Amino acid sequence: MSRPNDMDRRQWMKATAASLALAGLGACRRPVEKIIPYVIPPEERLPGSAEYFATSMPMGLDSFGLLVECHDGRPTKVEGNDRHPTIQGRSNLWMQNAVYGLYDPDRSRSFLSNGQPSSEAEFRKVWSALEKRFFESRGEGLAVLSDAFASPTLSRLIDRFRERFPKSQWAALEPASDENRWEGIRIATGRTLQPVLRLERAEIIVSLGADPLQTETGALANAIGFSQRRSIAGPDDRLNRLYVIESGLSLTGANADARWAVPPHRLPQIGLALLEALRQRGLSIDPPHFAPPLAPFAQEEKRKIERLAEVLLAHRGKGVVTVGRSQPPALHAIATAIDLALGNVGQTVEFFPWKDANLPNRAGVEAMLESMEAGRVNTLIALGANPAYSMNVGGRWDRARKKIQSLIHYGTYVDETAAGADWHLPESHFLESWGDVRAYEGWRGVIQPTILPLFGGLSRLGLMNLLSGQGETGDLESLVQTWRELLPIADFDRSWHNLLRDGYDAHSRSTPITPTLDKDSLADVTGRLARRAAQTIPNKAEVILEVSPMLHDGRFAAIGQLQETPDPLSKNCWGNPVFLSASLAQRHGLQNGQIARFKVEKQRVEAPIRVLPGVAENTAIFRLGYGRRFEHRIAQGIGTDFSLLEGASSIEIEPLDRFEEPVVTQRYDSMRQPGMPVLSGANPPPRPLARSASLEEYQQNPGFAGDPDRNLPNATIVDHPNLKGAHQWGMTIDLHLCTGCSICSLACQTENNVPIVGPEEVRLGREMHWIRIDRYFEEKSDPSNPEVRFQPVACMHCEDAPCEEVCPVQATVHDQEGLNAMVYNRCIGTRYCSNNCPYKVRRFNYFNYTKDTPETLKMANNPDVTVRFRGVMEKCGYCLQRINAGKRTAKAEKRPLADGEIIPACAQACPSQAIVFGDLSDPESLVSKKKRDLRNYALLAELNIKPRTTYLAKVNNPDPDWRKG
Amino acid sequence: MRRRIPLLGLLLACFTLAGCLRGCTSDDPPIHLIRNMDTQPRYRAQSESRFFYDGMAMRPRIPGTVARGELYQEPSFLSGKIDETRFLTEVPLEIDANALARGREIFQIQCAPCHGRRGDGNSPTARLGKLPVPNLFDPRVSALPPGEIFFTLTQGKGLMPHYRYPLDAQARWETVAFLKDWQKRKQAETAPAP
């Protein structure tokens with residue numbers, strides 16, 4: 001990003017002229033490019049061609065199977081592992097951005113001793129002295145604060161560590177953990193189990209404050225399963241129904257068929273009432289002596305809950321109740337009890353035993369902090385954890401830190417905790433190291449390196465080997481040592497090879513457990529919850545503290561692509577404003593972008609606010625993960641750190657007289673924006689952009705989406721292009737399956753070298769995403785429970801493209817296969833094409849955004865795609881490089897191209913398979929079939945420009961009894 | 001006037017510079033004011049990197065890793081050896097007409113320049129370079145087990161370089177299979193009628 005921030009145009013021109021004059025012409029010589037071949041070329045590698053490695057991305061206790069595309073030994077793109085049973089080749093935001101994490105130039109580069117560069121050998125010396133001391137004291141005074149992970153080898157090494165230092169302490173810290181959920185399951189069943197939703201089997205999904213499609217653990221698998229069950233081929237298909245009761249507007253809530261916004265304190269009450277309603281209808285859940293005192297419900301609310309109970313009872317074994325991770329354990333216990341009693345367990349939700357897991361433990365962390373404060377800890381190793389950022393409410397960590405003699409920090413960044421540490425050890429990225437993981441459901445997988453560590457660094461295995469007294473053991477060696485016990489002995493070499501090739505162990509899935517309901521424990525806890533819930537009547541605004549859908553708990557804050565990806569609902573990026581309901585904002589006289597001061601006891605924090613439809617009244621939504629305070633060119637100082645609100649339930653709001661212009665990519669909420677041009681006298685009149693109907697309407701009129709468009713006159717003022725190619729490319733986007741998660745946009749960005757531009761440019765509307773996801777709130781719907789529509793919009797590849805007509809230099813032209821191609825070298829930047837594009841999908845390089853690309857980030861750029869220069873227009877090209885690669889492969893193998901062989905990056909990543917790409921000239925291709933679906937319609941069909949990308953309209957399955965009034 | 005002197009100087013300097021740029025030859029690359037995507041911040045095949053110590057943008061394969069699509073091969077398949085002293089006596093491949101045809105093609109491209117199109121060691125390279133290129137139908141060569149020929153292709157021998165690159169193990173075995181087949185046919189031709 002080379003835009004000079006604080007300069008006006010005149011100053012900038014002056015500076016440029018001056019620097020040109022000063023530098024003279026010497027610096028303007030054509031750079032000498034050298035050809036440097038391999039000295040000893042590796043076998044089976046052709047320079048420039050891609051290789052794929054299966055590996056795993058650890059993420060807390062879960063992990064994702066990856067297939068990493070490497071060019072000449074450098075990872076350039078990450079896809080989901082197509083063989084992995086839960087990933088199925090799909091991906092989420094974090095997987096797509098793994099290469100940016102790897103190539104981040106601001107990653108920690110060296111061992112630091114008191115902030116001064118040191119070396120690994122130096123640290124090994126220091127550790128061996130420490131080790132000797134702690135070995136004698138059996139670990140007295142030694143403590144490890146780690147993050148959560150699940151890995152066979154690491155857990156074997158932890159056991160060894162504990163054997164050597166039996167008196168040491170070990171606790172795992174995870175700022176956004178599922179501990180409440182596990183505790184709830186423990187209350188209901190007496191066992192700590194791992195819950196996994198199986199939404200592909202669920203016809204009725206009830207979510208209480210949860211976001212299973214985006215921010216909860218297992219969201220990717222949930223999204224895949226949800227869309228599998230939700231896809232419809234015709235009006236006779238049955239639809240699942242998603243009920244969401246929540247306080248903020250989550251992505252799941254936006255996709256709900258029936259949604260009910262309630263302030264946070266009412267969620268437990270609703271859970272209890274649902275339990276009671278089910279009990280009254282004969283579901284045997286709790287012992288007869290128990291009847292919880294219920295908070296009063298309005299008639300209408302009572303009806304909703306009763307209806308929910310009826311629907312759940314009518315779908316025994318086919319429904320599921322899921323609760324958000326921040327809800328109290330008792331509510332989780334209730335949900336587990338309902339699922340057990342309805343026979344959903346084993347069907348729509350499965351429980352698995354925890355294996356090889358280093359479970360996060362808030363109580364353990366508390367105990368460790370206390371013993372630190374009491375001076376009982378001498379040396380603390382922060383292993384991947386960042387307590388100085390996530391656990392420093394009221395300076396708690398700082399105080400505890402002062403009481404310990406030495407703090408050893410191990411992590412990817414020189415972060416907040418590293419700043420005050422005696423030693424910092426750089427962690428090598430997972431794409432650089434050997435390792436293994438145990439994903440949800442028990443799937444074991446391996447992590448294999450795709451490149452040697454860029455900045456040196458110590459792998460997790462290396463560190464744990466060191467801590468457990470076998471510092472000389474190599475990573476691969478200790479990995480193989482573990483796996484010799486897990487794979488068949490007889491043919492280990494072959495199984496190990498196949499394991500690395502596939503990335504996961506196909507025989508490792510755990511057996512699901514069906515626990516029994518512990519009624520007494522449940523009655524006890526629900527009774528207490530009911531008494532507490534009845535008493536809670538907050539007079540101040542209520543607080544929801546949730547993870548960011550992009551940055552999670554802040555661990556991805558350093559990735560610019562994620563910072564610039566707009567939040568699906570608010571369309572806000574580069575920051576985390578506080579989301580308020582309209583009524584709450586009005587009560588405090590707050591406007592969008594106004595800064596407010598939020599007070600909880602002694603804590604104060606100032607942040608801009610944003611009114612978001614769908615947020616429950618009297619509720620403020622705070623997002624974690626922002627406001628990082630370590631030296632980093634992306635993460636530092638973006639947004640506000642709200643972690644100090646941890647544990648707060650209500651908050652005081654004080655408006656301040658300051659404003660901050662929000663960084664948003666979409667400034668309108670409605671499809672009919674005042675001031676938006678409407679073709680006057682258009683016949684037929686313009687239809688909604690994102691079309692939808694209820695299931696009932698769809699059954700009555702299956703062609704609701706496209707009807708009037710079919711009779712358009714075939715009149716055009718442009719010359720039809722020559723479309724005689726062997727293939728005719730086209731795309732459909734199924735709005736019914738699209739959840740709005742934005743992964744397509746990010747996958748496109750990583751595949752096509754799309755630059756990020758920074759907050760200032762986004763404010764000016766200059767973001768470069770080739771796919772934007774339009775988000776609309778239906779006008780007719782109730783503003784507190786808006787019906788949300790998502791519509792990914794990329795270049796439509798119109799056959800009669802308006803952009804081509806106005807380009808004076810033929811920089812955008814049609815090819816014979818129907819692609820609207822960009823010839824970057826010809827572009828002179830008139831921007832006429834963009835002005836003439838009715839979909840506004842063309843993006844312009846206002847500055848040379850890639851000029852100062854750090855050397856490491858150059859490696860993240862796709863070698864098959866041009867990196868654009870200043871003054872050049874760019875847009876989606878249907879992943880032209882992939883089309884050509886596919887055609888080349890087919891030609892080399894002397895066979896015709898198969899349908900589905902060429903997959904653009906967006907379609908490949910999409911968890912719900914909403915995007916289908918293929919050859920329209922083949923009537924049997926999937927895309928041709930999709931285009932014959934009656935839900936198919938073209939965006940702005942009245943312009944008659946014949947877009948090649950069309951949409952399939954959405955079908956909702958609303959509950960008539962939940963409708964208002 | 002005092003003001004004009006530096007201006008004049010600058011003008012003079014400009015002329016001198018411009019003259020020099022026009023008249024003198026230079027080892028420097030030409031002046032290229034607007035870069036305009038001629039060079040792009042991305043690494044391509046065989047390009048230079050200013051990040052890595054060896055200046056290479058292409059990185060080595062990490063030992064022990066397995067790429068997608070790589071079938072497991074017995075160690076003997078990759079070396080041609082059963083143990084330290086013994087070589088494979090059979091080609092560890094299903095040999096069909098296609099494999100032989102591919103082997104033949106590889107032979108014509110990679111081997112014929114030295115061993116000759118007829119495999120008799122009579123090639124321009126051998127003649128002009130006065131190299132001792134063996135005749136592949138020599139009884140000594142014909143008697144070699146396939147594993148040893150594969151080993152030679154993999155490691156090189158004497159002046160012959162290794163062919164690990166650009167031939168992968170599969171391709172090398174196909175070449176060996178073709179050669180063995182050829183030798184057998186030739187033997188049958190020249191053998192006295194029984």
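Just so you know, these numbers come straight off a predicted model, no measurement behind them. Order of the sequence lines fixes the chain letters, A, B, ..., with proteins taken first and strands second; residue numbering starts at 1 for each chain.
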Exercise. Is A:Glu855 close to B:Tyr43 at the side-chain level, that is, under 4.5 Å between some pair of heavy atoms?
Worked result: yes

Exercise. Would the A:Tyr103 and B:Phe51 ring centres measure less than 6.0 Å apart?
Worked result: no

For this session: Could you grab the distance from atom CG of B:Asn36 to atom CZ of A:Arg870, nearest 0.5 Å is fine?
Result: 9.5 Å

For this session: Would you mind checking if A:Asp82 and B:Arg68 are paired as a salt bridge, meaning a charged N to carboxylate O distance below 4.0 Å?
Result: yes

Exercise. Non-hydrogen atoms of chain A under 4.5 Å away: do they reach the side chain of B:Glu74, the backbone, both or neither?
Worked result: side chain

Exercise. Chain B heavy atoms under 4.5 Å from A:Leu454: which part of the residue, side chain, backbone, both or neither?
Worked result: both

For this session: Check whether any side-chain heavy atom of B:Arg42 lies under 4.5 Å from a side-chain heavy atom of A:Val867, and answer yes or no.
Result: yes

Problem set entry | Under 4.5 Å from any heavy atom of chain A - which part of B:Pro75 | neither

For this session: Compare all side-chain heavy atoms of A:Arg30 with those of B:Asp38 and state whether any distance is below 4.5 angstrom.
Result: no

Exercise. Can you tell me how far the CD1 atom of B:Ile62 sits from the OG1 atom of A:Thr450, to the nearest 0.5 Å?
Worked result: 6.5 Å

Exercise. What part of A:Val872 lies closer than 4.5 angstrom to a heavy atom of chain B: side chain, backbone, both or neither?
Worked result: side chain

Exercise. Within a strict 4.5 Å, meaning less than it, do heavy atoms of the B:Met58 and A:Pro47 side chains meet?
Worked result: yes

Problem set entry | Any side-chain heavy-atom pair of A:Glu33 and B:Thr39 under 4.5 Å | yes

Problem set entry | Heavy-atom contact with chain B under 4.5 Å, split by part of A:Asn81 | side chain

Problem set entry | 4.5 Å side-chain heavy-atom contact, A:Trp434 and B:Thr65 | yes

Exercise. What's the spacing between B:Gln73 CD and A:Asp493 CG if we round to 0.5 Å?
Worked result: 13.0 Å

For this session: Tell me, with the steps shown, if B:Ile31 and A:Arg29 meet side-chain contact (heavy atoms from CB on, under 4.5 Å).
Result: CA-CA 4 Å; B:Ile31 286 168; A:Arg29 290 188 183 274; 3.9 Å; yes

For this session: Using non-hydrogen atoms and a 4.5 Å limit, figure out which bit of A:Ile40 sits close to chain B: side chain, backbone, both or neither.
Result: side chain

Exercise. Is there side-chain contact between B:Arg59 and A:His71, with heavy atoms separated by less than 4.5 Å?
Worked result: no

Exercise. Relative to chain A, which of B:Pro63, B:Ala57, B:Pro60 shows the most heavy atom pairs under 4.5 Å?
Worked result: B:Ala57

